Protein chains: 2
Amino acid sequence: MPEVTTSNSGVGPDSTGVSDAGLDGVHEAVRHICPLNEVLDRVSGKWAIGVLTLTGAEEVVRFTEFERGIPGISRRMLTLTLRNLERDGLLTRTVYATVPPRTEYRLTEAAQELAQTLSLLTDWAKRHQAHVQASRVAYDETH
Amino acid sequence: MPEVTTSNSGVGPDSTGVSDAGLDGVHEAVRHICPLNEVLDRVSGKWAIGVLTLTGAEEVVRFTEFERGIPGISRRMLTLTLRNLERDGLLTRTVYATVPPRTEYRLTEAAQELAQTLSLLTDWAKRHQAHVQASRVAYDETH
DNA sequence: CTGAATCCGCCGTGATACTG
DNA sequence: CAGTATCACGGCGGATTCAG
């Protein structure tokens, strides 16, 4: 992805190529109103959060430690997640040309701030997850 | 979605049915470690944030106002987003049986707190988006 | 040990048309 | 006005295999 449409790691096709280019304009306007989308695009996906929090807790993490620390993740997705985070300047990747090879990952300062903010979101989740679950059950019963 | 697998609005098949059921256990462990995933699942998708912030700013919003206020959204996606948010107890939906029909949406208290926390994330995004973009450009050049 | 490359299934998303 | 129903597409995510 060398060009503009770098964000939107989500599922959407990002303006399906439909009609004229006007849609990109308004879409950009939405993004301007809400940079939150960019953060969430970055942090979305099943694994990014796990990587971030794990790295935040451990300071320095190696590839294999991620695999053990995030149960269920595949090599492929771990690599992709790591690369995306590195590309966004949230992780630094240091490779030691030893045998066997060794790679270390750390959070950048920006990512550390992000992790702190995310912890506030976690607080919200903890405080309201019961309410949310109850809402879901109630909703599913009546629909 | 009447049953258990309600969360995980993301793309993943949620433990592909591979081998034994042990994977669900560890996966559940991951969720326990990080309830953040649930919040993000709830807020992910291209439109949920827009709906949330718009409703936060307007107090009361009608269906058509969403369509006008969130450029590019389709009726279908607006409906789905609204329903999900309502199901999670973040939005209330009030239908007036008038002609023409009229439906009002408001944030619940929980969602208002969430919106505040999300604004902190927005702050982070604003403070670091330049850095992130620069990182991306640099990364794309060298790879 | 740390990845890269390939194949494939699933589901989110959008377009379009229909309804009360 | 406020949705619902149906179809099609594209990409994420996973499994597996190969490489340095």
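None of these values were measured; they are calculated from a predicted model. The chains referred to below are lettered A, B, ... by the order of the sequence lines, with proteins before strands, and numbering in each begins at 1.
With rounding to the nearest 0.5 Å, the separation of OG1 in A:Thr122 from CG in B:Leu36 is 3.0 Å. A distance of 11.0 Å separates CG of A:Asp123 from CG of A:Leu118, quoted to the nearest 0.5 Å.
A straight line from CD of B:Glu65 to P of D:dC1 spans 11 Å, rounded to a whole angstrom. What separates CZ of B:Arg102 from C1' of D:dG3 is a distance of 16 Å, to the nearest Å. Whole-Å rounding puts the A:Ile73 CD1 to D:dG14 C1' distance at 11 Å. Rounded to whole Å, the distance from CZ on A:Phe66 to C1' on C:dG3 is 14 Å. Atom pair B:Tyr96:OH and D:dG3:C1' shows a separation of 18 Å (rounding to whole Å applied). Rounded to a whole Å, the CD atom of B:Glu67 is 14 Å from the C1' atom of D:dT4. Between A:Ile49 atom CD1 and D:dG13 atom P there is a gap of 13 Å when expressed in whole angstrom units. B:Arg93 places its CZ atom 12 Å from the C1' atom of D:dT4, with the value rounded to the nearest Å.
In this structure, the side chain of A:Trp124 does not engage the main chain of B:Ala115 through any donor-acceptor pair within 3.5 Å. Between the side chain of A:Glu65 and the backbone N or O of A:Arg62 there is at least one donor-acceptor pair closer than 3.5 Å. Judged purely by atom type and a 3.5 angstrom limit, A:Thr108 uses its side chain to pair as donor or acceptor with the backbone of A:Gly89.
Closest to the side chain of B:Arg62, from the set C:dG14, D:dA2, D:dG20, is D:dA2. The side chain of A:Thr103 sits closest to C:dG3 out of C:dC1, D:dG13, C:dG3. Residue B:Pro100 places its side chain closer to D:dC1 than to any other of D:dC1, C:dG14, C:dT2.
Listed pair B:Trp47 / C:dG14 meets the phosphate criterion, a side-chain N or O lying under 4.0 Å from OP1 or OP2. Look at A:Lys46 and you won't find any side-chain N or O under 4.0 angstrom from OP1 or OP2 of D:dC12. For D:dA2, one of the phosphate oxygens OP1 or OP2 lies less than 4.0 angstrom from a side-chain nitrogen or oxygen of B:Thr64.
Not counting sequence neighbours, B:Arg76 has no partner by the side chain to side chain donor-acceptor pair (under 3.5 Å) test.
Remark: B:Arg76, B:Met77 in residues 75-85 of chain B come within less than 4.0 Å of DNA chain C through at least one heavy atom.
Within the nucleic acid shown, B:Tyr105 comes within 4.0 Å of sugar-phosphate atoms alone, with no base atom in reach, counting heavy atoms only.
Grouping the Ile, Leu, Val, Met, Phe, Trp and Tyr side chains by contacts below 4.5 angstrom, directly or via other members, places A:Leu120 apart from A:Leu90.
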